[in-house]
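Note sheet for the following structure.
To find a chain, count down the sequence lines: A is the first, B the second, and so on, and within it residues start at 1.
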Amino acid sequence: MVYKKTAPVNWCPHDATVLANEQVIEGCCWRCDTPVERKEISQWFLKITAYADELLKDLDTLEGWPEQVKTMQANWIGRSEGVEMDFIVADSGEALRIYTTRPDTLMGVTYLAVAAEHPLAKRAAENNPAIQAFIEDCKKMETSEAAMETMEKRGIASGLTAIHPISGEPVPVWIANFVLMGYGTGAVMAVPAHDQRDYEFAQKYGIAIKAVIKAANGEDDSIENQAFTTKGVLFNSDEFDGLTFSQAFTAIAEKLEREGKGQRKVNFRLRDWGVSRQRYWGAPIPVIYCDDCGTVPVPDEQLPVTLPEDVVLDGSQSPLAAHPTFPHTPCPQCGKAAKRETDTFDTFMESSWYFARFASPQADTMLDEHANHWLPVDQYIGGIEHAILHLLYARFFHKLMRDEGLVTSNEPFKNLLTQGMVVAETFYQTDAHGHKHYFNMTEIEVERDSKGKICGAKLLSDGSPVTIGATEKMSKSKNNGVDPQLLIDKYGADTVRLYTMFTSPPDQSLEWNDAGVEGAQRFLKRLWRQAHLHVSAGLSATPVDKASLSEGQKAIRRQLHQTLAKVSDDLNRRHTFNTAIAANMELLNALNKFEDDSANGKAIRQEILEGIVLMLSPIVPHIARQLWFDLGHAQDVVTERWASVDESALQQESVQMMIQVNGKIRGKIEVALTASKESIEAQALANEDIKKLIGENPIKKMIVVPNKLVSIVI
RNA sequence: GCCUUGGUGGUGAAAUCGGUAGACACACAAGACUUAAAAUCUUGCGCCUUCACGGGCGUGCCGGUUCGAUUCCGGCCUAAGGCACCA
């Protein structure tokens, strides 16, 4: 499950250090502006691809996960069915292996492309300065997929050809900057007529474009301006002419298999997980390299390998590799002088199993049986930015632990709630070197236009102008976070919690703004005042007499119990805290208008106030605790059971129904709950407004949706 | 470039399974209370039109399905998240 191979990193030759993708600004080091090079270094990998199938299949078992996240993971794993085949290099006879999901376009291949690091490219570069220069140039590329996909696609002919496995024709081999050695086989086949990237590349370099697929459904399949990428019917393909995609897939795969030139293959987009980091702040990878014994794991009794504290952190080199003593240690097997691994683990390594360790904190080993008692995690909550990497690594690691006998469950997280990002504007100034310095909102003064949008900003300290950057997720690097403490100091924690929960549902991203926080405080004040007016008028200790309720009393009790049902559902199932709070605001507004000093009225007021306090206690615990005592309870509200809905209070005798004529709302009627379809229709047609509208027009159609509306088509 | 999710009043949002668009708030305006201000309370508040009653339009844009579309389908624009070393 663990192996070493070379993989590309961003290398700053000036600082002699590896840079994260985020630290590469327009192809240059963020610190010294030196152009960054792509460098292949040896790194440790975990074989997550061995679990690709299971990670994909088990997504179906995650019923408590958002569809969005499961879709993203499925696409990331990217299972594809295709064909792997060899093109034979004409001069040397070596096999050039490629993989394609479109074997139906095989007869349209007009060139092959290999990575700059491919052995074939290296061979072509011998005695060819132009190819050498091109390969050298390819090193100046960023490693991120986004950069790869958006950069200019360039290439150079290698001068070599390879034999097409079916036609036997020679096909030119190109060296291209968009093919990577580390992914797949480092070589691809190109069909310009039926792939847009290949099309653009062929146009640019004057390579032949050969159409072999025509539309099956009469769609425009001309390739004059762009590739035709829809699956269709083969032509120009000799024995395969007239076949559909799936027929051609089978026929071509079988022919290749028969002739020993290729075979069907399932591929995954997912790549193995590189866990080596050339950094100080991380868990050291516990491995020792011995000249005689090779790669030796650090023995259990020597674990953990702890970080030295006397390191030089100057941004140049790996502090561990540069440390005078840390790398030097005897080999655990033979005792001879050996060298420690100085790379540390990717931090995702630890975040992949911390939840299991939290469940067995006393364990002497990695985990004990307590982990199984608690796992899987019932409700996991995290930002949507973790939808793929963290959540996929954790799922993989959990399966690894299962296969090592450490846990018994297949998945780590039963239910998942992904929070939206809180995003905020960024503000920066650019210095003489072109570096951006980000300022926090508290350090600047903003100008707003009539719509409240920020349209200008200057630094508070010296009044110098500040550039307004993109609105993005709050982060340390962009300095666009907000400290809630300032608001808490001003309004109190309950108000800030209430406001935060009320602003939007948790899975939605949010542009932070505290403009409405006053409203949250006003609501809590109104609740406090209502409760204390009630208390000072003398609490009601008697239960509601349900047998003698007036219409008004029935109505407000119905609202209370409807609210209880809704809030329970909002909190438990929907996690929409904003609508749960709004429903309580409506209930309090109704209570404000409920003027009833009778004994039963008082009892109802007590019932409603207790209901609101209970429903809000998870969100505003401090004020709820105090009000609960004030309402006459001896026990803290946190020990109370959640309120139950009184079904009898929900009952209604009639319901309001809309009347639509030709799709527009034209009237309303009050209908008894027991009314038949026929009597509802008759009542709708008897409505004066509707009668006038229909006039002499014949009724074509009439639809009755129970308890909702009557739709009449004339 | 690719994958995912969103776009509804001046603002944050609601409409849960295709059935009253804008609940609940913020902001704003007018009024009450006050010497005054704050706080509080009341009323109004999508756009156009109308003295009014009312009428028309309206959920990013264009088109489609349906008796009926914020909701479903196709295309486009746009913002955010991710793209394997920010974590």
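Remark: P of B:A13 and CG of A:Asp507 are 12 Å apart, rounded to the nearest angstrom. At whole-Å resolution of the value, CG in A:Asp570 and P in B:A14 are 11 Å apart. Per the geometry, OH belonging to A:Tyr499 stands 10 Å off C1' belonging to B:A25, to the nearest Å. Across the protein-nucleic acid pair, A:Phe502 atom CZ and B:C26 atom P stand 8 Å apart, rounded to whole Å. Spacing between atom CD1 of A:Ile581 and atom C1' of B:A14 amounts to 14 Å, rounded to whole angstrom units. The CE atom of A:Met657 sits 18 Å away from the P atom of B:G68 (whole-angstrom rounding).
Nucleic acid contact class of A:Met585 (heavy atoms, under 4.0 Å, all strands): sugar-phosphate only. A:Lys566 comes within 4.0 angstrom of a base, heavy atoms only. Contact annotation for A:Phe523: no contact, since no heavy-atom pair falls under 4.0 Å across all strands. Residue-level contact check: A:Ser711 touches the bases, meaning some heavy atom is under 4.0 Å from a base atom. Contacts of A:Gln508 with the nucleic acid, taken as non-hydrogen atoms under 4.0 Å apart, involve only primed sugar atoms and P, OP1 or OP2. Counting any heavy atom pair closer than 4.0 Å across all strands shown, A:Arg279 reaches a base atom. Contacts of A:Val517 with the nucleic acid, taken as non-hydrogen atoms under 4.0 Å apart, are absent. Looking at heavy-atom distances under 4.0 Å, A:Ala146 makes contact with a base. Across all strands, A:Val69 comes closer than 4.0 Å to no nucleic acid atom at all (heavy-atom distances). Note on A:Asn589: only backbone sugar-phosphate atoms sit closer than 4.0 angstrom, heavy atoms only; bases stay farther off. Contacts of A:Gln68 with the nucleic acid, taken as non-hydrogen atoms under 4.0 Å apart, involve only primed sugar atoms and P, OP1 or OP2. Base contact: A:Arg269 has a heavy atom under 4.0 Å from a base atom. Within 4.0 Å of A:Val713, counting heavy atoms only, lie sugar-phosphate atoms of the nucleic acid but no base atom.
In this model, a donor atom of one side chain and an acceptor atom of the other lie less than 3.5 Å apart for A:Glu22 and A:Ser477. There is a side-chain donor-acceptor pair under 3.5 Å between A:Asp272 and A:Thr49. Side chain to side chain, A:Tyr99 and A:Ser80 meet the donor-acceptor criterion of an N or O pair below 3.5 Å. Under 3.5 Å, the side chains of A:Thr579 and A:Asp570 contain a donor-acceptor pair of N or O atoms.
Classified by its glycosidic torsion, B:C17 falls in the syn category, the angle being within 90° of 0. Base orientation at B:G9 is syn, since its O4'-C1' glycosidic dihedral falls within 90° of 0.
Residue A:Arg271 places none of its side-chain N or O atoms closer than 4.0 Å to OP1 or OP2 of B:C85. Considering only side-chain N and O atoms, A:Lys708 lies nowhere under 4.0 angstrom from the phosphate OP1 or OP2 of B:C67. Neither OP1 nor OP2 of B:C85 sits under 4.0 Å from any side-chain N or O of A:Asn10.
Side chain A:Arg573 to base B:U16: a donor-acceptor pair is found below 3.5 Å. The base of B:C85 sits within donor-acceptor range of the side chain of A:Gln278, with an N or O pair under 3.5 Å.
In this structure B:A69 sits in no base pair that meets the Watson-Crick or G-U test at under 3.5 Å. Taking a pair to require two hydrogen-bonding distances under 3.5 Å in either a Watson-Crick or a G-U wobble arrangement, B:G6 pairs with B:U78. Base pairing of B:G1 is made with B:C83, judged by Watson-Crick or G-U wobble geometry with both donor-acceptor distances under 3.5 Å.
Proximity note for A:Leu510 (side chain, C-beta onward) versus B:A84, B:C57, B:G12: the nearest is B:G12. Counting only heavy atoms from C-beta on, A:Asp346 has its side chain closest to B:C85 among B:G19, B:A21, B:C85. Side-chain proximity of A:Gln43 to B:G19, B:U20, B:C85: nearest is B:C85.
Minimum interatomic distance between A:Met148 and A:Thr143 (heavy atoms only, all atoms of both residues): CG-O, 4.1 Å.
Using atom P as the reference point in both B:G12 and B:U65, the two lie 34 Å apart (nearest Å).
Here the two rings, on A:Phe45 and A:Trp273, have centers that are 6.0 Å apart or farther. Residues A:Phe523 and A:Phe502 place their aromatic rings such that the two centres sit no closer than 6.0 Å. Taking the six-membered ring for Trp, A:Tyr354 and A:Phe358 have ring centres closer than 6.0 Å. Here the two rings, on A:Phe355 and A:Phe413, have centers that are under 6.0 Å apart.
Comparing A:Arg529 and A:Val705 along RNA chain B, the residue whose closest nucleotide (by nearest heavy atom) sits nearer the 5' end is A:Val705.
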Please list, for nucleotides 74-82 of chain B, all pairs of protein and nucleotide N/O atoms separated by less than 3.5 Å.
{"from": "B:A80", "atom 1": "OP1", "to": "A:Thr471", "atom 2": "O", "distance (Å)": "3.2"}
{"from": "B:G81", "atom 1": "OP1", "to": "A:Lys473", "atom 2": "N", "distance (Å)": "2.6"}
{"from": "B:G82", "atom 1": "OP1", "to": "A:Lys473", "atom 2": "NZ", "distance (Å)": "2.6"}

